[in-house]
Undergrad: 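The structure under discussion is supplied below as C-alpha cells; questions concerning it will follow.
Because only heavy atoms are used, hydrogens play no part in the values below, and waters and symmetry mates are left out as well, while side chains stay in.
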Protein chains: 2
Amino acid sequence: MQMENTAAALAIADQSAEAIVRRHIAVGIEIQNLCFVNERYQRSLPVAMSTFTLSGDKEIYGKGEEAVLFFKLVLGMVRTCTFLKNGRRQIDAFYLPGNVFGLEVGAEHNLTAETVCRSRVISYRRRDLEVLATNSERFSAVAFSFAMQSLARAQEHAVLLGCRSAVEKLATFLTDLAAYSPKSEMLSLEMSRRDIADYLGLTIETVSRAFGHLVDKSLIDLSTARQIRLKDPEGLRLLTS
Amino acid sequence: MQMENTAAALAIADQSAEAIVRRHIAVGIEIQNLCFVNERYQRSLPVAMSTFTLSGDKEIYGKGEEAVLFFKLVLGMVRTCTFLKNGRRQIDAFYLPGNVFGLEVGAEHNLTAETVCRSRVISYRRRDLEVLATNSERFSAVAFSFAMQSLARAQEHAVLLGCRSAVEKLATFLTDLAAYSPKSEMLSLEMSRRDIADYLGLTIETVSRAFGHLVDKSLIDLSTARQIRLKDPEGLRLLTS
DNA sequence: CGGCACTTTGAGAGTGTTCAAGGAAGGTGG
DNA sequence: CCACCTTCCTTGAACACTCTCAAAGTGCCG
C-alpha cells in the first residue's frame, strides 16, 4: 500500500469518478446504505486516519487478518470476496465511493477486500470507533443501522443467487448498478466479466451470453464491453421478477 | 396467534426439544450467534413481553409489515423467507431455540417469518430495546454484534448458493445443522424437503437425489426421511470444501 | 505494429429441472 | 386397530440450462 497525502494523488483520479464521489458524500448517510462515516461525522471523528491510493487488483486486507482498521472508499471500486478450496471465488459485494467496508465484530476480517480498479481509500482505527460508540448513542445507533443494512444487502444477494436464471441475475445486477449511477442510462462497468461472474455465481461465458441475450432483446446496447446503455430500463426491471 | 401464559402450554412441548432449549439458554450468548436476549439479560429487560405457541406453517409476521415486535424462539423451529413473483421462495435462515429474529432497523420487516413446526415464541417490543440500548452501552454493543453475526451468516449462505453443487450444498447444510445439534451424529430434521430445497436454491427432487447420493457413498443413513445418522461426519466435511 | 489480456462465440458434456408416476408415512374416521 | 386418504418423499426419463473446453475476435498498451 503506497501512502499518499498530497493533493496530487487526487488529481490522478478521473473526473467522472470525482463527480460520483461528490454526489455520494453530499447526500451522505441517507442515500448510501454503507456510508455512515460521512463528511459531517468525519470532522468529529478523533480517529487517526490515513488516505492512500491503490492501483487495480490489489489486496487491501485478507480473510483471517486481524481487523484493526476499517475503510471508506473515496474513489474507484472495491470488491469483497471469499476464495474456496476448489479454486472458486465468490464476490460478496462491490463498494462504491462513499461506502464503508472492513468493519468487523470479531477479531478477524472474514472476507478479503481488493481494489477493482485504481482506488482511493481512507483507513480508520476500529478501536477509535468503538470508543466513540460507547460514548455516543448516536454513533452506536448508526453502527447498528450500518450492520443491519449490510445484512439486508446480503440477504438480497442470497435471493439473487438462489432463485434466478443467468439472464435474470444479470438484469438484476445491471438495474442495481443503475440505481447508484449518476446517469442511470449509461453504465460504465469498472469490473471484468470474471468479477461479474463470481458475483452472480456464473461463469464468464454464461455472463457474456447473457449480455448477448439482453442485446438481442434490445434491452441494452454495448458500445464496448464495459460501456452499457440501458435502452429499456423498465424491460430490464421486469426480468428482475 | 393464540396467546398462552399457563404452565400447561409448556407441557405440550416434547421432551427432546426441551433439552435443546435448556442447553442453548444455559450457554447463552456465546454459543448462539443469534441469541443475545438470553436468560441473564432477560431478567433486566423491562420490555412487556408475551409468550405464545403456534402450530407448524403459521406466519409470525409478513414481509412489509410494520416491525413493532421482535421475537425469540423458545421451542421448535422458525424460517425466514422471501416470496418472488415467479412463485419461487428463498429461505434465508432457520432459527433454533434461543435464536432471536425479526429485529429490524427500518420501519418494516423485510422478510416473512413462519413456524416450521409447533413452536413457542416470546415477543418483545422493539422500542423497549431501543430505549435500553441508548441507556446501556452494553446493550448497544450486543445489538451491533447480533447484526454483524447475522451478516456473517448471510454471507456464508451466499457462498453456499453461489459456488457449490447440489451434493456439496446438502453436505454443508447437514454439517452446519450437526454443529448445533446436541447429539451431532443423529439429526432429526424438522423441515420438509421443500424447505431444504428453498434454502439451498434447488428443487425437492434434486435434494432427494442428493440425499440418495450421500447414502450411496455411505456418508449418512436415513432411518426415515427426517431421521439422519451421520456415519462419516469427516467425509461430509470434505464435501463442504 | 505486435503482444497480451479480456471478451465473444461455438460445440459438446454435465448437472439440475421438469413432468410424471409410484411408494412411504402420518392422521382420521370407521 | 385397520382402512383410507392425504401429504410428503423418491425414482425415472426427457429436456433445458449452464459449464467446460476450444478457438477466434476485440481492445489496450507498449
Side-chain angles (χ1 to χ4, degrees), chain A residues 14 55-57 79 84 86-90 116-118 160-171 173-174 187-216 220-228 239 241, chain B residues 14 55-57 77 79 84 86-90 116-118 160-174 187-216 220-228 239 241:
Chain A
D14 65 314
S55 56
D57 283 314
R79 61 177 177 250
L84 285 84
N86 56 17
R88 287 201 159 195
R89 179 184 68 159
Q90 176 66 46
V116 171
C117 55
R118 170 171 274 269
L160 177 66
L161 290 168
C163 300
R164 295 193 220 273
S165 69
V167 173
E168 290 171 341
K169 283 177 177 177
L170 184 59
F173 176 69
L174 292 178
L187 289 180
S188 69
L189 302 180
E190 299 297 330
M191 69 287 283
S192 68
R193 294 290 189 267
R194 167 135 302 286
D195 286 335
I196 299 174
D198 290 346
Y199 179 75
L200 299 178
L202 300 169
T203 61
I204 53 173
E205 293 95 334
T206 301
V207 169
S208 185
R209 278 184 254 267
F211 268 113
H213 186 88
L214 294 180
V215 171
D216 288 348
I220 63 172
D221 269 345
L222 297 179
S223 53
T224 75
R226 302 199 182 185
Q227 284 292 330
I228 301 174
L239 287 176
S241 116
Chain B
D14 66 314
S55 56
D57 282 314
M77 184 173 281
R79 60 177 177 250
L84 285 84
N86 57 17
R88 287 200 156 194
R89 179 183 67 160
Q90 176 67 46
V116 171
C117 56
R118 170 172 274 268
L160 177 67
L161 290 168
C163 300
R164 293 193 221 274
S165 70
V167 172
E168 290 171 343
K169 283 177 177 177
L170 185 58
T172 306
F173 176 68
L174 292 177
L187 289 180
S188 68
L189 302 180
E190 299 297 330
M191 69 287 282
S192 67
R193 292 290 189 268
R194 167 136 302 285
D195 286 334
I196 298 173
D198 290 346
Y199 180 74
L200 299 178
L202 300 169
T203 60
I204 54 174
E205 293 94 333
T206 303
V207 170
S208 185
R209 279 184 253 267
F211 268 114
H213 186 89
L214 294 179
V215 171
D216 289 347
I220 63 172
D221 269 346
L222 297 178
S223 54
T224 75
R226 302 200 182 185
Q227 283 293 329
I228 301 175
L239 286 176
S241 117

Undergrad: Once you round it to whole Å, what is the distance between P of dC6(C) and CG of Asp198(A)?
TA: 13 Å
Undergrad: At under 4.0 Å between heavy atoms, which parts of nucleotides 10-24 of chain D does protein reach? Answer with one letter per nucleotide, 5' to 3': B base, S sugar-phosphate only, - none.
TA: BBBB----SSBB---
Undergrad: Can you measure Asn86(B) atom CG to dT17(C) atom C1' for me and round it to whole angstrom units?
TA: 14 Å
Undergrad: Go through it in stages, so that I can follow the logic: the residues are Phe211(A) and Ile196(A), the test is side-chain contact (heavy atoms from CB on, under 4.5 Å), and I'd like the CA-CA distance, side-chain angles, deciding distance and then a yes or no.
TA: CA-CA 11 Å; Phe211(A) 268 113; Ile196(A) 299 174; 4.2 Å; yes
Undergrad: Quick one: do Val215(B) and Ile220(B) satisfy side-chain contact (heavy atoms from CB on, under 4.5 Å)? Show the steps, please.
TA: CA-CA 5 Å; Val215(B) 171; Ile220(B) 63 172; 3.9 Å; yes
Undergrad: Please report the C-alpha distance between Thr206(B) and Leu200(B) in whole Å, then the side-chain angles of each, then the deciding distance to 0.1 Å, and finally whether the side-chain contact (heavy atoms from CB on, under 4.5 Å) criterion is met.
TA: CA-CA 10 Å; Thr206(B) 303; Leu200(B) 299 178; over 6 Å; no
Undergrad: Within this structure, what is the CG-CZ distance for the pair Leu160(A) and Phe173(A), rounded to the nearest 0.5 Å?
TA: 9.5 Å
Undergrad: Measure from CG on Leu189(A) to P on dC6(C) and round the result to the nearest Å.
TA: 15 Å
Undergrad: Once you round it to whole Å, what is the distance between P of dT7(C) and CG of Asp195(A)?
TA: 9 Å
Undergrad: Show your working on side-chain contact (heavy atoms from CB on, under 4.5 Å) between Arg209(B) and Glu205(B) and close with a plain yes or no.
TA: CA-CA 6 Å; Arg209(B) 279 184 253 267; Glu205(B) 293 94 333; 3.5 Å; yes
Undergrad: Tell me: CD of Glu168(A) to C1' of dT17(C), nearest whole Å?
TA: 14 Å
Undergrad: Working to the nearest 0.5 Å, report the span between CG of Leu84(A) and CZ of Arg89(A).
TA: 11.5 Å
Undergrad: Nearest whole Å is fine: how far is dG27(D) C1' from Arg226(A) CZ?
TA: 11 Å
Undergrad: How many Å lie between CD1 on Ile228(A) and C1' on dT7(C), as a whole number?
TA: 13 Å
Undergrad: Grab the CD-C1' distance between Glu190(A) and dT7(C) for me, whole Å please.
TA: 17 Å
